[in-house]
Amino acid sequence: MNPAELEQAVIEKLSEVIDPETGIDVIRMHLVQEIQFDQAGKISYVFRPSSPLCPIAVPLALGIIDAIKEVPGITGQQITVKDYVQSEQLNEILKTIVEE
């Protein structure tokens, strides 16, 4: 799959991850940004919760990770949480989850 097709597949899958507070998917809310791929199929991206105190940031991040895992051609992922009060701690936890 070429990079454009891979990105489209990821966006389609992420469109299924719904923010339960708004009923809108994470793509339309622009919560997942800076999507990049390397030649081996590893994806890196930024997750920006809807507010610095977003009460559902952790479940949303886990939903995003799980959705991306389902995309054929993805060999790994790196998520970076920004603009969230506990982003450093959450990034450390998520790093161990995506490395499994």
Side-chain angles (χ1 to χ4, degrees):
M1 196 178 295
N2 71 44
E5 291 173 331
L6 197 54
E7 182 173 11
Q8 186 59 39
V10 166
I11 288 170
E12 287 175 15
K13 199 65 176 163
L14 289 176
S15 295
E16 299 173 8
V17 179
I18 306 297
D19 178 329
E21 290 187 342
T22 64
I24 301 172
D25 67 77
V26 297
I27 292 296
R28 289 192 321 177
M29 289 183 68
H30 305 285
L31 301 183
V32 179
Q33 304 168 352
E34 301 176 35
I35 299 172
Q36 297 179 334
F37 301 93
D38 68 13
Q39 292 181 354
K42 184 175 179 182
I43 183 174
S44 64
Y45 54 95
V46 171
F47 167 54
R48 284 190 165 87
S50 57
S51 78
L53 298 171
C54 179
I56 57 170
V58 174
L60 272 178
L62 295 174
I64 290 165
I65 289 168
D66 288 343
I68 290 175
K69 283 181 183 177
E70 294 179 12
V71 176
I74 296 293
T75 59
Q77 59 181 299
Q78 177 184 354
I79 180 173
T80 303
V81 180
K82 292 185 177 178
D83 302 330
Y84 179 64
V85 292
Q86 296 180 333
S87 59
E88 287 183 32
Q89 297 92 335
L90 185 52
N91 281 322
E92 289 301 313
I93 292 167
L94 296 175
K95 186 189 302 183
T96 63
I97 291 171
V98 296
E99 290 176 350
E100 292 178 349

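Values below: every heavy atom of this structure, side chains too, minus hydrogens, waters and symmetry copies.
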(request) Flag the pair Asn91 / Lys95 as yes when at least one side-chain heavy-atom distance between them is below 4.5 Å, and no otherwise. (result) no
(message) Distance check, rounded to the nearest 0.5 Å: Arg28 atom CZ versus His30 atom NE2?
(response) 9.5 Å
(message) I'd like to know if the side chain of Thr75 reaches the main chain of Lys42, judged simply by a donor and an acceptor atom lying under 3.5 Å from each other, with no hydrogens or angles considered.
(response) yes
(message) Using the rule side chain to side chain contact (heavy atoms under 4.5 Å, CB included), only one of Ile68, Leu31, Asp25, Val71 pairs with Leu14; which is it?
(response) Ile68
(request) First locate atom CD1 of Ile43, then atom NZ of Lys69, and finally report the distance between them rounded to the nearest 0.5 Å. (result) 13.5 Å
Let me check something: any side-chain donor-acceptor pairs from residues 51-58 under 3.5 Å, sequence neighbours excluded? List them with distances.
residue, atom, partner, partner atom, Å
Ser51, OG, Leu53, N, 3.4
Ser51, OG, Cys54, N, 3.1

(message) When you compare the side chain of Gln36 with that of Ser44, does any pair of heavy atoms fall below 4.5 Å?
(response) yes
(message) If you compare all heavy atoms of Val17 against all heavy atoms of Gly63, which two are closest, and at what distance to 0.1 Å?
(response) CG2-O, 3.8 Å
(request) To the nearest 0.5 angstrom, please state how far the CD1 atom of Ile97 sits from the CD atom of Gln77. (result) 10.0 Å
(message) Could you measure the distance from the CD1 atom of Ile11 to the CG atom of Leu6? Nearest 0.5 Å is fine.
(response) 10.0 Å
(request) Could you state whether Leu62 and Val32 fall into the same hydrophobic cluster, counting links through intermediate Ile, Leu, Val, Met, Phe, Trp or Tyr residues with side-chain heavy atoms under 4.5 angstrom apart? (result) yes
(request) Would you kindly confirm whether Ile64 and Ile18 end up in one hydrophobic cluster when ILVMFWY residues are joined by side chain heavy atoms under 4.5 Å apart? (result) no
(request) Can you measure from CZ (Arg48) to OH (Tyr84) and round to the nearest 0.5 angstrom? (result) 15.5 Å
(request) Specify the closest pair of heavy atoms between Ile79 and Ala61, including all atoms of both residues, with the distance to one decimal. (result) CD1-CB, 4.2 Å
(message) For a quick test of reading the model, state the closest non-hydrogen atom pair linking Ile93 to Thr96 and the distance between them.
(response) O-OG1, 2.6 Å
(message) Check for me, please, whether Leu94 and Val98 land in the same ILVMFWY cluster - side-chain distances under 4.5 Å, paths through other members count.
(response) yes
(message) Any heavy-atom pair between the side chains of Val10 and Tyr45 that's under 4.5 Å?
(response) no
(request) Mind listing the closest non-hydrogen atom pair of Val81 and Pro49 along with its distance? (result) CG1-CD, 4.1 Å
(request) Output all residues satisfying side-chain hydrogen bond (donor to acceptor under 3.5 Å, both in side chains) with Glu70, sequence neighbours left out; order by chain, then residue number. (result) Lys13
